[in-house]
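Each chain gets a letter, A, B and so on, in the order its sequence line appears, and its residues count up from 1.
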Amino acid sequence: MSTLVQPTAGTAPATRFRPAAVRGRPSHYAFVLPAVLLFVLFIAYPILWVMGQSLYAESPQTGRSFVGLANYLAAFQDRTFWLVLRNMLLWGLITIPVQMLIGGLLAYAIERHTKRLRGFYRTMFFLPVVTSVSVVSLVWVQIYAPYYGIAQEYLRHLGITISSSLIGDSTFAIYALIVVNIWQWTGFSMLLYIAGIANLSEEVLDAAKIDGAAGWRLATDVVVPMLAPATKSLLLLGVIGTLQTFPIVHLMTGGGPNHASEVFGTAIFKQSFILGDTGMGATLSVIVLVIALALTLVQIVLLGTRFAAVRA
Amino acid sequence: MTTALARGVLPMLLSAAIATPAVAGEVTVWSWFIQSTMEKSIAAFEEKHPGVTVNYTYYNYSPEYITALKAAAASGSLPDVIGLQPGSLTQQYREQLEPLNDRAAATWGADWADKVFPVNKKQMLMGNPAGDENYYIVPQESQVLCIWYNRKIFEQLGLTVPATYDDLKAAAAKLTSAGYIPMFQGAADGWQNENVFLMIANQFEPGIVEKAQYGEAPWSSPALVEAMGAWKGLFDDGVFQEGALGAHAYPTGAQLFAQGRVGMMALGSWWMQESKFPPPLSEFVQDMAGFDFFQLPPLKAGNPASPPVGGIDIGYGLTKNGADNPDAWTFLAELTNGVGLQQALNDLNDLPAFDGHAPQGDISEHVQQLSARFMEALPKAENQRFASPAVAEALDNALAGVAAGDLEVAAALASVQAATDKALGR
């Protein structure tokens, strides 16, 4: 365990030594009551409600009926479910590292190699993050459009004609959407790395330079390890963001063609709101919850201690 | 216990917090219906019924409107009147809707339903459990599908309205070589694919999709197999633009069509409303001067052209919350078959659902003729809607899969059959 989290003798928090009479006083629980109530009402209750819904099937014809785990079995037997899982895997495996890499390089270049235009570059690269997803989706649909699209207008001058749409091709649709996601969110990675770089200890950097580290060596052996907290945060946020993916896919392809770009968000939306099958929508939501929980635990177990040790 | 909480305590708490208490002389309405037109309908209603105020909340249809409805239904806080599509959307909220038969009969007379165009009347009952003859939706507007074309471009290129599939292919080729998009298909949108497929299938056998969705004919029927093959042909033969599977009808296709960059587009009678949008309007859209329509020519020699396909564009339901508010029904009645409807028709929003109405006001002769032709077709229209959203979704995926070359026709139709069997409980 990191020494950072080990209490030093004689400086342990005073609360540890509260007398039992004070510690158990009922009125003290009132202080945590608002937070507990909010948690129960807005987090615990909805989760339990969704879990309960996943055990029911509902249709306008047959009404609502208890089906136990049948929805889970049906989901696992559905080809679309595995397609969604594959798409989510691709989404996470591609977007998270690529956004980190490009964002980190941009941050390093801006912070270390620009002076007068630093604010301008920061703003420009961050602009897609604060742009409405609807606008981003509309623009990228136009960019990808063959024949009359924005990219085609420029490529025409080079004698190139785009003859098919990437988002209309079942093989490439998911990758085309991943590109849009990377374009939009790389600025966020850049921002976190900028914050990390701004907090780098000049003493450590100077010491490394005196020891002969420069250029690539300085970046990989000194700067990158010192940016580990930012990397860890981006990894956590990336996994969460991947599982929450919805608007770009919904607006650009609707999960199509023929489910080729379906993600959990669009699949849950369709089941719950288009098909009116709240039970299956809830089932998929619970599966996402379990995946998110598992991934978070894995990250805490594998990365939490390692990064803490690096910090120490 | 969780379920009991979900169905009891929390919705009550939420509805207490969210629902607007009923106020005498006030009607709450939610819909995706275009706001500027709805405001005119409300103004006309409020003028006729002084002392009643209508509070309208506009939502984009997807995902905002359908998610708002779901949340409000779960918390018991639906407004008095809600916009609905027939079939699956209406059926999802049937438990929260009032049967309207008695109210309608009291307002319009016992024979009121006979004044609703036949295809609309059929769709009003679509998806009801066997034996349930209640109407939970009153239609406001109807639509008829068609192929719109830019007649100025056609004239410029010496093209005439295609009468055969060869004519259609030749027109598409000429449009393409002249730098225009031949027929814009927003094939990323399931609804536009469904519309075109319905036009095609009804050429091969009128009413075949209707039979198939109710299990009265298999989806592997020869007419449907041929229709699916003909659908693929529209992509392979260059009738649709390159990359159609990644394109959206709105806003992309509609904008390009309005700007005069597209030769043809499968839309419907609602396209006339473009001429009533705020200026500036393109020379093509102004008074619809650049546009006319035709029915899809036979894709197989010997077949007829597509019969009219259509039905309810939008309708309204009275919620249980609005049942005790007499003004709510009064508004719904005026909106669907009274002064509110007239305003919508004057904006050329679409065709009426009840017989005996026509647009009035500043409307060019050309638009009047277009509207009259649609009205002539409406009573003969084949059904456009699906009772089960799962069947519609399966058909959407089948059409996209076949068009992309990922699915063989037989496999695609088998997947629709499977969805149909499941929906019918077979």
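Distance check: B:His248 NE2 to A:Ile167 CD1 gives 5.5 Å after rounding to the nearest 0.5 Å. Once rounded to the nearest 0.5 Å, the distance linking OG1 of B:Thr67 with CZ of A:Phe269 reads 6.5 Å. To the nearest 0.5 Å, atoms CG (B:Leu89) and CD1 (A:Ile274) are separated by 9.0 Å. Taken from CG in B:Leu245 to OG1 in A:Thr253, the straight-line distance is 11.5 Å, to the nearest 0.5 Å. Atom OG1 of A:Thr278 sits about 7.5 Å away from atom CD of B:Gln92, to the nearest 0.5 Å.
Interface remark: B:Tyr180 contributes backbone atoms only to the contact with chain A (heavy atom separation under 4.5 Å). Of the two parts of B:Ser62, the backbone and the side chain both hold a non-hydrogen atom closer than 4.5 Å to a non-hydrogen atom of chain A. With a 4.5 Å cut-off on non-hydrogen atoms, B:Leu407 touches chain A through its side chain but not through its backbone. Only the side chain of B:Leu256 comes within less than 4.5 Å of a heavy atom of chain A; its backbone N, CA, C and O stay farther away.
More than 12 heavy atoms of other residues, nucleotides or ligands sit less than 6.0 Å from atom OH of B:Tyr61.
Taking every heavy atom of both residues into account, A:His250 and B:Pro63 meet most closely at NE2-CD, 3.7 Å. The nearest pair of heavy atoms linking A:Asn258 to B:Ala400 is N-CB, 3.8 Å.
The backbone N or O of A:Phe273 lies less than 3.5 Å from no partner atom in the side chain of B:Lys70, so there is not a single donor-acceptor pair. Judged by distance alone, the side chain of A:His259 and the main-chain N or O of B:Asn397 form no donor-acceptor pair under 3.5 Å.
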